[in-house]
Amino acid sequence: MTGQDQSFGVTSAETGAAVEPAGEDAVLPYSVDALDVRGRVVYLGSALDAILRRHAYPEPVSRLLGEAIVLTALLGSSLKFKGRLILQTQTDGPVSMLVVDFQAPGNIRAYARFDEERLEAAVQNDAADTPGLLGKGHLAMTIDQGTYMQRYQGLVVLDGGSFEDVAHRYFEQSEQIPTRVRLAVGEMLTRHEGQEPDQVWKAGGIVAQFLPENTERMRMKDFDPGDVPDGIVYQEHAEDDAWIEAKALVDTVEDVELTAPEMNAERLLFRLFHERDPRVFPPQQVADKCRCTRDSVSQMLENFQVEERMEMVVDNQIEVTCEFCSAQYQFDPKDFDT
């Protein structure tokens, strides 16, 4: 099968030629100029599976964290500098915290904290969906541009809804860019010759953003008439026809199209936008890679008071386990004597 067949006729925005499929664990930027739309598609396989298997979370927690990882990969891959995008939730639900750390251009790590008893109760009560697991709280998107640069943080209230809903709210509040997101995570049964069948995690996502040259076309209905703040005159702005078409197409994406092994980014883009000539840019690889090192952990320990470090000593050793990658580091307390 040729590269053109595999990519279903999707062409490069740089050369106009057919492209080779980006494959899994890659983010594929794309544009649909006829609709003034730009976006990214991601398919995650071994990188996602390694993260979730390492922690051996219960299935609902793995699925929830998987969605957060897909969303962070989509957003983090848009960074134009070697910085970090950190997604973090803090809520009162059974899953009290999710943290996903994306370091440009493509390293990602993640972990979750949850209450086992409350999680089991949620499962028994058929409340193990995203709203039931997260409860109420907030989601923070932090962009870290590096040393000596100011951090940027956007907050979104979590009071029900999916990660897709959260993403839409984030872009409405923080970026004011019309945006549509679809995410899906699933366990797939695989079997290799000579081996027993196995379950692996797969996930995918697509984001589309309306970015016309004339920014007035981006204006939409700003408020529900009943929610207009005092002193603001309500005025409804009709959505642009191009954006209506684009988001309607993205909304047709089914979960199986984002998780099935036979699917890829180019095939999805062709299915959605083939009548509008979608074009793609070079893919960006995503890797399961932690930033922790023995030196960084040692520096962290040095920031504690002597009394605090002594409370960490067990069997004459200080042992630190990285919550992201589960790597263990052992230190002699005397190493910190000054």
Side-chain angles (χ1 to χ4, degrees), residues 27 29-30 36-42 44 63-81 83-93 95-104 108-110 112 129-145 150-185 203-212 215 218-224 227 229 237 239-240 243 246-247 250-251 253 258 284 286:
V27 179
Y30 71 90
D36 291 306
V37 164
R38 280 181 172 257
R40 291 170 298 282
V41 182
V42 63
L44 296 178
R63 191 176 296 275
L64 188 67
L65 183 60
E67 288 192 9
I69 291 171
V70 175
L71 178 59
T72 306
L74 284 171
L75 304 186
S77 59
S78 68
L79 296 179
K80 304 302 182 184
F81 49 86
R84 296 163 58 203
L85 174 69
I86 304 158
L87 178 152
Q88 181 172 334
T89 66
Q90 289 188 326
T91 62
D92 62 3
V95 182
S96 59
M97 180 181 290
L98 300 171
V99 182
V100 186
D101 183 348
F102 183 97
Q103 183 175 30
I108 199 163
R109 58 183 189 164
D129 55 1
T130 300
L133 294 178
L134 290 180
K136 295 184 178 180
H138 70 267
L139 177 145
M141 294 276 198
T142 304
I143 298 177
D144 185 349
Q145 303 180 69
Q150 185 175 0
R151 283 190 169 196
Y152 167 80
Q153 186 175 80
L155 293 175
V156 179
V157 173
L158 296 175
D159 55 2
S162 66
F163 269 116
E164 293 171 2
D165 298 326
V166 171
H168 297 154
R169 205 175 313 158
Y170 170 78
F171 280 102
E172 288 174 4
Q173 297 175 1
S174 301
E175 306 293 335
Q176 297 182 340
I177 299 174
T179 301
R180 210 67 182 171
V181 175
R182 279 287 290 117
L183 310 169
V185 179
I206 181 172
V207 57
Q209 295 187 302
F210 186 48
L211 296 166
T215 56
M218 296 169 62
R219 299 184 67 180
M220 298 177 291
K221 187 171 71 172
D222 300 312
F223 302 99
D224 183 277
D227 296 332
H237 301 280
E239 285 188 308
D240 190 278
W243 177 236
K247 72 175 187 177
V250 172
D251 285 346
V253 176
L258 296 172
Q284 300 165 243
V286 178

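No hydrogens, no waters, no symmetry mates; every other heavy atom, side chains included, goes into these values. Note that the structure is a prediction, hence the values are computed from the model and not measured.
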Open item on the list: Could you measure the distance from the CG atom of Asp144 to the CZ atom of Phe102? Nearest 0.5 Å is fine.
Closed with: 14.0 Å
Task: Pairwise distance OG(Ser78) to CD1(Ile143) - rounded to 0.5 angstrom - done: 7.0 Å
Open item on the list: Strictly distance-based, threshold 3.5 Å: is any side-chain N or O of Thr89 a donor or acceptor partner for the main-chain N or O of Leu98?
Closed with: yes
- [ ] Return yes if some donor-acceptor pair links the side-chain N/O of Thr91 with the main-chain N/O of Val95 below 3.5 Å, else return no.
- [x] yes
TODO: Provide the closest heavy-atom pair for Leu258 versus Leu183 in the form atom of the first, atom of the second, distance.
DONE: CD1-C, 4.0 Å
TODO: Give the minimum heavy-atom separation between Glu172 and Gln176, together with the two atoms involved.
DONE: O-CG, 3.5 Å
Task: Pairwise distance CE(Met218) to CG(Asp36) - rounded to 0.5 angstrom - done: 10.5 Å
- [ ] Decide yes or no for His138 and Val157: does some side-chain heavy atom of the first lie under 4.5 Å from some side-chain heavy atom of the second?
- [x] no
TODO: Taking side-chain contact (heavy atoms from CB on, under 4.5 Å) as the test, write out the residues that go with Pro131, two or more places apart.
DONE: Asp129
Task: Contact summary for Val27 and Ala73, nearest pair of heavy atoms - done: CG2-O, 4.0 Å
Open item on the list: Among residues at least two apart in sequence or on other chains, which ones pass side-chain contact (heavy atoms from CB on, under 4.5 Å) with Gln153?
Closed with: Ala140, Thr142, Leu155
TODO: Taking side-chain hydrogen bond (donor to acceptor under 3.5 Å, both in side chains) as the test, write out the residues that go with Gln173, two or more places apart.
DONE: none
- [ ] Only counting residues at least two apart or in another chain, list the ones meeting salt bridge (Lys or Arg N to Asp or Glu O under 4.0 Å) with Asp159.
- [x] Arg169
Open item on the list: Just so I know, are the side chains of Leu139 and Phe163 near enough to count as touching, which here means a heavy-atom distance under 4.5 Å?
Closed with: yes
Open item on the list: Please find the pair of heavy atoms, one from Val37 and one from Ala246, that lie closest to each other, and give the distance.
Closed with: CG2-CB, 3.6 Å
Task: Results of salt bridge (Lys or Arg N to Asp or Glu O under 4.0 Å) for Asp101 - residues two or more places apart only - done: Arg84, Arg109, Arg291
Task: Which residues share a salt bridge (Lys or Arg N to Asp or Glu O under 4.0 Å) with Arg180, sequence neighbours left out - done: Asp251
Task: Results of side-chain hydrogen bond (donor to acceptor under 3.5 Å, both in side chains) for Arg38 - residues two or more places apart only - done: none
- [ ] Applying salt bridge (Lys or Arg N to Asp or Glu O under 4.0 Å), name anything that partners Arg182, two or more places apart in sequence or on another chain.
- [x] Glu164, Asp255
TODO: Applying ring-ring contact (aromatic ring centres under 6.0 Å, His included), name anything that partners Phe210, two or more places apart in sequence or on another chain.
DONE: Trp243
Task: Any donor-acceptor pair under 3.5 Å from Arg40 side chain to Leu74 backbone - done: yes
- [ ] Taking all non-hydrogen atoms of both residues into account, name the closest pair between Gly161 and Thr130 and its distance.
- [x] O-CG2, 3.5 Å
- [ ] Please examine the side chains of Lys247 and Glu239, heavy atoms only from C-beta on, and report whether any two atoms are closer than 4.5 Å.
- [x] yes
Task: Partner residues of Ala110 under the side-chain contact (heavy atoms from CB on, under 4.5 Å) criterion, sequence neighbours left out - done: Ile51, Leu65, Ile69, Val100
Task: Ser162: side-chain hydrogen bond (donor to acceptor under 3.5 Å, both in side chains) partners, not counting sequence neighbours - done: Asp165
TODO: Tell me, please, which residues at least two apart from Val41 pass side-chain contact (heavy atoms from CB on, under 4.5 Å).
DONE: Tyr30, Tyr43, Ile206, Ala265, Leu268, Leu269
Task: Residue pair Tyr152 / Ser174: nearest heavy atoms and the distance that separates them - done: OH-CB, 3.4 Å
